[in-house]
Each structure stands twice: as C-alpha cells, then as structure tokens.
**Q** 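The structure's right below; bear with me while I get my questions together.
Just so it is clear: chains get the letters A, B, ... in the order the sequence lines come, proteins before strands, and each one is counted from 1.
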Number of protein chains: 2
Amino acid sequence: MDRGGLSRGIHRSSETVVGIDDVARAAGVSTATVSRALSGRGPVSTTTRDRVLATADRLGYVVSAAASSLATGRARAVGVVVPFLDRWFFSTVLAGISDALVRQGYDITLYSVSAEPAERRRVFDDHLRRRRIDAVITIAIELDAEESASLRGLGVPIVAIAGPNPLLTTLTVDDLAVGRLATAHLIERGHRNIVHIGADASSNAGSSVPALRRRGFEETLAAAGLSARAVEPADFTIEGGSAAAARVLAGDDRPTALFAASDEMAIGAILTARERGLRVPEDLSVIGIDGHELGRWFGLTTVDQFARGQGERAAEAALAELDGATPAHGRGTLPFELVDRGSTAPPAF
Amino acid sequence: MDRGGLSRGIHRSSETVVGIDDVARAAGVSTATVSRALSGRGPVSTTTRDRVLATADRLGYVVSAAASSLATGRARAVGVVVPFLDRWFFSTVLAGISDALVRQGYDITLYSVSAEPAERRRVFDDHLRRRRIDAVITIAIELDAEESASLRGLGVPIVAIAGPNPLLTTLTVDDLAVGRLATAHLIERGHRNIVHIGADASSNAGSSVPALRRRGFEETLAAAGLSARAVEPADFTIEGGSAAAARVLAGDDRPTALFAASDEMAIGAILTARERGLRVPEDLSVIGIDGHELGRWFGLTTVDQFARGQGERAAEAALAELDGATPAHGRGTLPFELVDRGSTAPPAF
DNA sequence: CTGTTAGCGCCTTCAG
DNA sequence: CTGAAGGCGCTAACAG
C-alpha cells in the first residue's frame, strides 16, 4: 500500500492542501509528534518517526512556511541584495549563493535595488523588514548610514560581499592588493606609461571596490617612482571601457598599457584598440580584474577573484552565523590570482 | 513632534520589533483598525487612517510577512524558477521580472534548479510547495509530467517563459517563426549552403525552444527547395558555438552561412571563424538569436527577442492573474525583430 | 516518548 | 466607522 519514496510527487489532488493534522490523524499521533518527527527536534521513537515520515510522504505534506516561520521565528530563507542582476559579476556570485543555500534547504529572496532613491528606500524600509529572511547577503552594495542601520536593525546575520564596511561581516578580496598586483605585473614587464580605467579619482573617499583598485594602482606606481597618470573614469561595462579607451588612445601621449578595473572594461578597451588597428599586446598591453568567462576569448590577462566561490562562501558564512558562529566582523580574506592569458607583454618601444 | 516622512528609516532601536498592537496603542485604536488602515481594505475614516499611518510610520512598523501570510493566504512574493543564473538570457529576464515585481511591492523568491534530479525534485516537491509564493514564473524550464502536475497543484498562477507548455499560461516568442525569419534572411541574400548550430535534430520531439528554432530552419530551407544540411549540435554557450563552428568549418563542403540558435553560439562561431582567417561576413555570414548586448561588439546580426521585456510581461501577467484576470492558457505572443548589424551578406562565391 | 495547550502576529467576520 | 474575538498552521513548553 505504501509505495514509499516512489510516491513522492504523486499526490491525490484533494481540494485543500494537506496540513499537519491530516498527517497526525492518518498516522494516529498528535500534531506535536508530527512536528517533532519532521523537524528532527525533540524526542520521537524510531518506529513512530518512520511511520510519521512515511505518512507525510504519502500525503505529500509540506510544512507551511508562514505558519512555521511564525511559530519558530525562522523563515528558512536568506535575502540577497544586489544592485544589478544582469551583469556578470552579480549573477555569478548569485549562482554561487544559490548553490550553497539550496544545499541547506534555504530559499533565497532577491532584492534588486536600483539607484532610484525612493525605490531603494522601499527595499530597505519595507521589503527587507518583513521578517521574511533569516540573514542578508549584500553584493557590492554601498550603504549609507541609514541603510546600514536599517540592515543592522533587522537583527539577523549580515554578510557583505565586495563592499568593505567596517561595521558588517565582510567577505571581500583585498582590492588594494589586487590593484597593486595588476599594476606590478605591468611595471615588471617594463611599462612606464600606464593608464587606469575605473573609478574617478575624485569619487569615493576610498573604501569602495573601484576606489581601492585605483589606489592600489596609484600606490604601486608611486612606489616605482612613476608619476601617476590621470585615471580614465568608466562605468564597469564593456561600453564604458571602450569609450574610455577611445579617449585615452586618441591623445598624443599614448600609454603602452591599460589597467582596467574590471574585465568587462578591459574587453571594451581591447575591442576599441583593435578597431584602431592596435595589436594587443604588441602595441598595447591590457589587464583586467574579475576572471570573467569572456576574457578567455580575448586572451585577456586578469586577476581572477573567483566570483562564484565568493557567493558560496558568503552563503556558508551567513548560515554559520545563524547556527551560532561568532560573526567575523571586519574583513574576511578571499583569494585572488593573476591569470596571464597573453594580453600583456613588454612594450615594443 | 511628529516628523512625518522625515522619520522614515530612523527608528528607535527598541528591544523588540514593533508589532501591530504597538501601533494600535500609540494611535489609540484597535489592531483591527490599524490593519484596515494599512491594508486599505475595509472602511476607516480619513482622520483615523491618517493618524494610524503617521503612527505606523513614526514607529517604523512593517507587517510581518509570516503573520500576514498566514492570516490572508497571500505571501506577496512570486517564485521564479530558472535553470541557470549566470547566463545572459536568464539573468536578463530575471532583471525584467524583478523590475516589474518591485514596482508592485512583491518580493521575488528564486528557485534555481540544476539538472541534478534529486535536487531538482526537492525544489519542486518541497521548496516550491511551502506556500511562500503567490505565483510562479518559469524561465525556459522543461517540465516533466510530475513537475508540471506539482506546479499545477500549487493552486497559484503559473507563467512559463520560453518553454511552450500547452497546459500552462505561456509567454513566449514564436520560435518557429523566429527560426524561419533568420533562415529566410540568409536565403534572401543568396545563401544555399547553410548550417544550423543548435539543438540536435534527434532530440526533443519538437516543442522545446531549441527544437522549434531548428524546425523553423529546416522548414524554410525545404520550402526554398534546398536540402537541409546536417545540424551541428551545441549547448548554447560561446564555447559550444565555437566548437561547433570549428567542426563545420573544418569540413570540405564549407557552408557560406551559419545560423546559430543563440547569440552566444553565434559569437563563438565568429570568434572561431576569425581565428581561421575567415572574414565575417565576406567569407562567412553568421546570424544569431537573442539580442545579446555583446552582439553589438561583434556586429552580429540577430533576431532580438527583448529578454528584459519578456520578464516584465511575465511578471505583469502573473500579477494580473492574481488579481483575477483569466489565465491566458496557450501561447502568448511576444515580439521579436531582426536586427541587421552586418554579420550577414551575400556569399562571395 | 507522547499528548495537551498556549501562543507566534495579523486579518476578518461579526456585533456595536 | 470601530472594537472584540476567533483562527490561519505550526511549534514549544509543559505535563503525563
């Protein structure tokens, strides 16, 4: 009669959804026992548990998230806050988070915050505060004081990826070091005239990812006794990188190398360079940051930051904190690695 | 005293979260009135409503999703089921969904289903059935009978994007027509020797997106009296398109044009063609499908299917159905448009 | 080990 | 228009 596991997914399509008391009745026990058997919390005899589990399975019972959440205070869901969904870095990190969360039976609730202030405020003041989530992961979100306080007020673990915030548990690569590494790579190959494509020097006092990468560039340049060339601002898209490169390459004092703060900008720069008949790396070296899959097709040298792994680690950190682990406030160290694919070489002149 | 809107986001960080009865007490009314005032359902005098609203705002009250959901049966969240998060089409559609949903105050719960059967089953049998969502949107998910039944059993609106399922409300471009359009474009330019890169002819009896595109290709070829060349199977990635093109171009009977069933494959094909010293479109015409942003950088001619718009429309359709609109079972028509960017031209020989 | 009994926080008839 | 009260479905003490 009981077809055990085989019956999963094949439920009689009864009118109403089966509830915990349907299971209790069918198994001849109380709802409390069903709850204990299913959750694994609290003592239940093996025989009873097996019977309850089989019954629940047969009936296709699934706990109501709302009811369970209301009773326990746990939602079995993690909120993820992102500024963009359709850019490589974010969707890749998200994929990593999703992997790790699904493994643990958690759902993921997505909060995409635009730059639009009113909408952004709604996300922080309303959506995130509905107590629908047990933890929050932010990806490269720069929080103002209010937003930061609002998040903290949630009273749940918060893990920030790629957005160094001294007040939050932060998981991020050392972007200053990344900026240095990429710059040193170019200097070692003999470049003296390097332009950085990324954050405007005037923006962000210094803690944002783009600003850190730029500072790594400037510091390394200075340490090598080279004068820092003006930084060419761009928005981290292929398009932005392309436009920035166009401006830079049009000038009379053409650099021998470009250091783009993201692979997408680096790719844009390569495309523009090619359009102008410049060979990479013979006439122009280009290095990026990210480890974007596309880089491979352009032979792009880059500093890989293992985006997918960042997502997985953030999810694990969030769940660990939920399980009582002490929040590692301050900066967590994430790995990065230079991948030389050939778009950098000594300057020809 | 009451700083009105200015106070939003600045809440006294009291020990416990403020609940509906805190608001009721502070406003000098009953919880029922607060509920009515905030939800807009049920009669409340203007004065009372304003006072309640101001109080709620001042206290930073936000309804508990769990409690509200338990009482109303509505979760104010929509589930989105995707096979991949880190591929252009999916993340772009997702961005569109997110836009539309946030506008209506809905949260989005993400269900990323891998190919791994056990995990996939858990998503359909457990996660999706926790009654956490008011509607489901699937993106290019091919459902087997059980999964389809499981979804239907949820008793919520279901909108399928890019996965024509006669049993579900489906929003998809007419992929057969898209396949025909792209093929006709090549034939009109004089191509007689065209290879299709996409779904293997042997796979999928015919209703999947890749299969429909291939059939559009074959039908149009046949209608023009051309013999259908073997289709070159590939997995819709740049890498797959590149490999497929490599196999095709290595043969002795080199085609004059390639029709790739996705822009990513088309780009892979272009990259490979270039590597082999072939000029596009002089030596080889290439056309793709999607409207991928990257296509612009390769001068790729494509059939744009407006992915972001698809997401928005799916979200709107789902919400409309929630509001009582009749589910438009069968196939909804979504726009598509040929964008000629120059990667197709008459064959040189 | 198991059953009974309060709620979790909000919504919604039903009276007033 | 407003308040009182039961209940949404489940869990967590507390008894037994």
**Q** Would you mind classifying the nucleic acid contact of B/S45 as base, sugar-phosphate or nothing, using non-hydrogen atoms under 4.0 angstrom?
**A**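 It contacts sugar-phosphate atoms only.
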
**Q** Any base atoms under 4.0 Å from B/V34, or only sugar-phosphate, or nothing? Heavy atoms, all strands.
**A**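 Contact class for B/V34: none.
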
**Q** C/dG3, OP1 or OP2 - any side-chain N/O from A/T33 closer than 4.0 Å?
**A**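 Affirmative; the distance criterion is met.
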
**Q** For the residue pair A/L101 and A/D107, what are the closest heavy atoms and their distance?
**A**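 Smallest interatomic distance, heavy atoms only, reads CD2-O, 4.4 Å.
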
**Q** Name the closest nucleotide to the A/L70 side chain, picking from D/dC10, C/dC8, D/dG3.
**A**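 So the nucleotide nearest the side chain must be C/dC8.
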
**Q** Would you tell me if any nitrogen or oxygen in the side chain of B/S64 comes within less than 4.0 Å of OP1 or OP2 on C/dC10?
**A**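 Answer is no, no contact under 4.0 Å.
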
**Q** Looking at D/dC10, C/dC10, D/dG3, which one has an atom nearest to any side-chain atom of B/Y61?
**A**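 Within the option list, the nearest is C/dC10.
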
**Q** Expressed as a whole number of angstroms, how long is the span from B/L38:CG to C/dC10:P?
**A**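 Going from CG in B/L38 over to P in C/dC10 covers 10 Å.
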
**Q** OP1, OP2 of C/dC11 versus side-chain N and O of B/S39: anything below 4.0 Å?
**A**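 Checking B/S39 against C/dC11: no side-chain N or O falls below 4.0 Å of OP1 or OP2.
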
**Q** How long is the line joining CZ of B/R25 and P of C/dG9, in whole Å?
**A**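 One finds 12 Å between P of C/dG9 and CZ of B/R25, rounded.
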
**Q** Which atom pairs, one a donor and one an acceptor, fall under 3.5 Å between side chains of residues 73-82 of chain A and the rest of the protein, sequence neighbours left out?
**A**
from	atom 1	to	atom 2	distance (Å)
A/R74	NH2	A/L322	O	3.2
A/R76	NH2	A/Q104	O	3.0

**Q** When you measure from the side-chain N and O atoms of B/R36 to the phosphate of C/dC11, is any distance below 4.0 Å, counting only OP1 and OP2?
**A**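 No, B/R36 has no side-chain N/O under 4.0 Å of OP1/OP2 on C/dC11.
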
**Q** Could you give the CD1-to-C1' distance, from A/I20 to D/dC8, as a whole number of Å?
**A**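 Result: 14 Å.
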
**Q** Hey, which of these two, B/V29 or B/A67, hits DNA chain D nearer its 5' end, going by closest nucleotide?
**A**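 Here B/V29 is the residue nearer the 5' end.
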
**Q** Side-chain N or O of B/S68 less than 4.0 angstrom from OP1 or OP2 on C/dG9?
**A**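 So the side chain of B/S68 is outside the cut-off, no N or O lying under 4.0 Å from OP1 or OP2 of C/dG9.
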
**Q** C/dG9 phosphate, OP1 or OP2: any side-chain N/O from B/T31 under 4.0 angstrom?
**A**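 No, B/T31 has no side-chain N/O under 4.0 Å of OP1/OP2 on C/dG9.
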
**Q** What is the separation between atom CG on A/D21 and atom C1' on D/dG7, rounded to the nearest whole Å?
**A**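 Going from CG in A/D21 over to C1' in D/dG7 covers 13 Å.
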
